[in-house]
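These notes concern the structure reproduced below.
Worth knowing before you read on, the calculation uses all heavy atoms, side chains too, and leaves out hydrogens, waters and symmetry mates. The chain is numbered in sequence order, starting from 1.
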Amino acid sequence: MNYVADLASGCLQTFQTVYSLFNQKLYAYVLKKTNSAYMAEEVVQLTFIRLWEKRETLSAEYNISTQIFRIAGTILIDQLRKEAVSKKHLSVVEDHFALKTETEQPEMIHALEQAIEQMAPVRKKVFKMSKVEGYSYKEIAEMLSISPKTVENHISQALKQLRAAFSSIISLAVIMEAIIKK
């Protein structure tokens, strides 16, 4: 069967067949690469969405499995980059604002608390559950009856909000650290 040509023509039944044939193989492949069930689910879902969206640009020169795994590889790299950037930004916030006691840098604690309080209620709750209480994205998603992707989006937006609120303070702190080290 020529899956590529049938997909390119928009045959939904062929898409369902291709999904059935490659869904588990792709999941196992990504799971093996990442050791993350969440990441594997995301990549598989995004791969098949992109496959359908780009069906008209599929190449008849390559078989469908090659093209699916190529799409998945690209998406996996994108997802890992997003995760790395998110972790980097979180690390900056944690490094500069990880205050062990209430007496250390009280003005920064107060500023951080104010910035968190300015967040939308759900975003604030998700952020505190993740960063203060230590719950995983999956645990938060289950407790709040939302998807892990929604949790990830809330955390990402919260970090953007904190970065915006503290960008000048972080820059100043970095400059001060550089001066102190000299």
Side-chain angles (χ1 to χ4, degrees), residues 1-94 116 119-163:
M1 177 168 211
N2 189 353
Y3 294 123
V4 175
D6 290 348
L7 277 175
S9 69
C11 179
L12 191 54
Q13 187 174 4
T14 300
F15 178 78
Q16 291 169 336
T17 301
V18 168
Y19 179 84
S20 296
L21 287 172
F22 294 101
N23 176 28
Q24 291 302 316
K25 292 176 188 174
L26 191 57
Y27 179 86
Y29 171 77
V30 177
L31 183 62
K32 184 177 180 184
K33 294 282 187 195
T34 64
N35 285 332
S36 168
Y38 168 72
M39 182 70 75
E41 290 170 9
E42 280 296 304
V43 170
V44 169
Q45 182 178 17
L46 293 171
T47 297
F48 283 102
I49 289 170
R50 186 159 308 155
L51 177 67
W52 182 253
E53 290 173 345
K54 304 290 184 180
R55 66 188 178 274
E56 294 171 352
T57 63
L58 294 173
S59 173
E61 295 178 28
Y62 301 101
N63 65 38
I64 193 68
S65 67
T66 301
Q67 295 183 72
I68 288 172
F69 279 86
R70 186 175 293 152
I71 293 169
T74 302
I75 290 172
L76 177 58
I77 290 168
D78 290 346
Q79 292 298 105
L80 291 172
R81 282 185 182 142
K82 285 179 188 176
E83 190 176 284
V85 168
S86 179
K87 284 180 180 177
K88 177 184 171 203
H89 292 306
L90 177 60
S91 175
V92 168
V93 171
E94 287 174 343
I116 292 171
M119 294 178 188
V122 174
R123 182 174 300 155
K124 178 173 37 174
K125 183 174 184 97
V126 168
F127 183 80
K128 284 182 176 181
M129 289 175 80
S130 175
K131 304 308 172 199
V132 176
E133 299 169 25
Y135 290 107
S136 71
Y137 288 8
K138 188 174 182 178
E139 290 169 327
I140 296 168
E142 289 171 3
M143 286 188 267
L144 299 180
S145 299
I146 57 178
S147 76
K149 188 69 174 172
T150 301
V151 172
E152 181 181 325
N153 288 338
H154 278 299
I155 297 295
S156 175
Q157 291 302 316
L159 292 173
K160 282 181 186 176
Q161 201 169 335
L162 289 175
R163 273 195 315 277

Please determine whether the number of non-hydrogen atoms from other residues, nucleotides or ligands lying under 6.0 Å from atom NZ of K149 exceeds 12. yes
State, yes or no, whether a side-chain contact exists between F127 and L159 at a heavy-atom distance under 4.5 Å. yes
With a 4.5 Å cut-off on side-chain heavy atoms, are M143 and Y135 touching? yes
Determine whether a donor-acceptor pair (N or O, by modelled atom type, separation under 3.5 Å) exists between the side chain of E152 and the backbone of Y137. no
Is the shortest side-chain N to carboxylate O distance from R50 to E53 below 4.0 Å? no
Within a 6.0 Å radius of atom CZ on F69, are there more than 12 heavy atoms belonging to other residues, nucleotides or ligands? yes
When you measure from the side chain of S130 to the backbone N and O of V126, does any donor-acceptor pair fall under 3.5 Å? no
Row check, F22 ring normal vs K25 NZ/CZ: under 6.0 Å, within 45°: yes
Is it the case that over 12 heavy atoms from other parts of the model lie below 6.0 angstrom from the CD atom of E61? no
Between CZ of F15 and CG of L51, what distance do you get to the nearest 0.5 Å? 5.5 Å
Within the structure provided, determine whether I140 and H154 are in side-chain contact (heavy-atom separation under 4.5 Å). no
Output the distance between atom CG (L76) and atom OG1 (T47), rounded to the nearest 0.5 Å. 8.5 Å
For K124, I'd like to know if atom NZ has over 12 heavy atoms of other residues, nucleotides or ligands within 6.0 Å. yes
